[in-house]
Asker: 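Okay, handing you the structure first.
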Amino acid sequence: MQPLSRHSVLAVWEQGRHRHPIDRALLLSAHAQPERATETLADQPLGQRNLALLRLRQQTYGSELAAYLDCPSCGERLEFNLNSADLLAETTAPRNRDAITIDGLSFRLPTSRDLAQIATSIEEKAAADELLAECLISADEASDTSTLTAMAERVAEALEDADPAADLALDFVCDNCAHRWEESLDIAVYLWEEVAAHAQRLLDDVHVLASAYGWTEDEVLRLSDIRRMHYLKRVLM
């Protein structure tokens, strides 16, 4: 895997700026896993996708992930740093690529394609039920699919155990009120926001240096970060 180059950052941003977050995640996944056929990425287990995006993020922007969130109890803002190397070491890839079976019902691991199928669902519980229905691949003669909703929690736990990286859940404690809760890191959204911000900075740099020196976009992007910074400094003095 190679880090995103400056040219790649602009290309990914241009392709994904008006797309759904799921499609943006697949765009980034294509760069994170160049060895995989693009048409297969939507059917990849979410844990595999997330781990690949974590590695791409680490290769491109380093291990430290700065973030913040507001306590759901008192509203206090918590600022914190995560380390992608630690997350990669602590989170395993899908343990079971095959189906899991509960009470005669067999389910496969959720994929990006499944998320796209339930993207229009507004209510969380309905979306979860739809996701289980999408992942149901077979039922034996004695099983009853009408009980799918009732067994949703058991199935969700089994799927999480089979693919721990599908939901990068983190535990938090508020320093202000001691409230404890769990929050998920959506690495696809996090990385996309970084790529989008990076693209805007690069566009600004190209605009300034092209205006000052008459260089092409490609010529500006091929400059090292340090040389580009020093040219910008001189132009803006």
Asker: Just by distance, do the side chain of R108 and the backbone of E134 share a donor-acceptor pair under 3.5 Å?
Answerer: yes

Asker: Is any side-chain heavy atom of L223 less than 4.5 Å from a side-chain heavy atom of L209?
Answerer: yes

Asker: If you look at every heavy atom in A127 and I118, which pair is closest and at what distance?
Answerer: O-CD1, 3.7 Å

Asker: For residues A162 and I100, report the shortest heavy-atom separation together with the two atoms involved.
Answerer: CB-CG2, 4.2 Å

Asker: side-chain hydrogen bond (donor to acceptor under 3.5 Å, both in side chains) for W181 and E183? Distances and angles first, verdict last.
Answerer: CA-CA 7 Å; W181 79 102; E183 197 85 26; 3.0 Å; yes

Asker: For the pair R6 (side chain) and L221 (backbone), establish whether a donor and an acceptor sit closer than 3.5 Å, ignoring hydrogens and angles.
Answerer: yes

Asker: Before accepting this row, confirm whether a basic side-chain N of the pair D205/R201 lies closer than 4.0 Å to the acidic partner's carboxylate O.
Answerer: no

Asker: Q33 side chain to E35 main-chain N or O, any donor-acceptor pair under 3.5 Å?
Answerer: no

Asker: Side chains of R36 and L41: does their closest heavy-atom pair fall under 4.5 Å?
Answerer: yes

Asker: Does any part of the side chain of E182, heavy atoms only, come nearer than 4.5 Å to the side chain of L170, both counted from C-beta?
Answerer: no

Asker: Can you tell if the side chain of V155 reaches within under 4.5 Å of the side chain of F107, non-hydrogen atoms only?
Answerer: yes

Asker: What distance separates Q117 CD from E130 CD, expressed to the nearest 0.5 Å?
Answerer: 9.5 Å

Asker: Look up atom CG in L82 and atom OG in S63, then write down how far apart they are to the nearest 0.5 Å.
Answerer: 11.5 Å

Asker: So do the side chains of F172 and R180 get within less than 4.5 Å of each other, counting heavy atoms only?
Answerer: no

Asker: Any salt bridge (charged side-chain N to carboxylate O under 4.0 Å, His left out) pairs touching residues 206-222, not counting sequence neighbours?
Answerer: D218-R222

Asker: C74 and C71: which non-hydrogen atoms are nearest, and at how many Å?
Answerer: N-SG, 3.5 Å

Asker: Would you call L132 and L159 a side-chain contact if the rule is heavy atoms closer than 4.5 Å?
Answerer: yes

Asker: For L109, is there any backbone N or O sitting under 3.5 Å from a side-chain donor or acceptor partner on D163?
Answerer: no

Asker: With a 4.5 Å cut-off on side-chain heavy atoms, are L4 and L56 touching?
Answerer: yes

Asker: Which heavy atom in L53 sits nearest to a heavy atom in S29, and how many Å separate them?
Answerer: CD2-N, 3.7 Å

Asker: Spell out, as yes or no, whether a donor-acceptor pair under 3.5 Å connects the side chain of T91 to the backbone of L88.
Answerer: no

Asker: If you take all heavy atoms of T101 and S106, which pair is closest and at what distance?
Answerer: OG1-OG, 2.9 Å

Asker: Distance-only, no hydrogens or angles: does the S112 side chain make a donor-acceptor pair with backbone N or O of A42 under 3.5 Å?
Answerer: no

Asker: By the salt bridge (charged side-chain N to carboxylate O under 4.0 Å, His left out) test, which pairs, at least two apart or in different chains, include something from residues 10-33?
Answerer: none

Asker: Side chains of H31 and S8, heavy atoms from C-beta outward: is any pair under 4.5 Å?
Answerer: yes

Asker: Run the side-chain hydrogen bond (donor to acceptor under 3.5 Å, both in side chains) check on D114 and T111 step by step: do they pass?
Answerer: CA-CA 5 Å; D114 297 323; T111 67; 3.2 Å; yes

Asker: According to ring pair (Phe, Tyr, Trp, His ring centres under 6.0 Å), who are the partners of H198, at least two apart in sequence or on a separate chain?
Answerer: Y61

Asker: Carefully, step by step, assess S184 and D167 under the rule side-chain hydrogen bond (donor to acceptor under 3.5 Å, both in side chains).
Answerer: CA-CA 6 Å; S184 295; D167 181 15; 2.5 Å; yes

Asker: Okay, side chain of N50, backbone of A166: is any donor-acceptor separation there less than 3.5 Å?
Answerer: yes

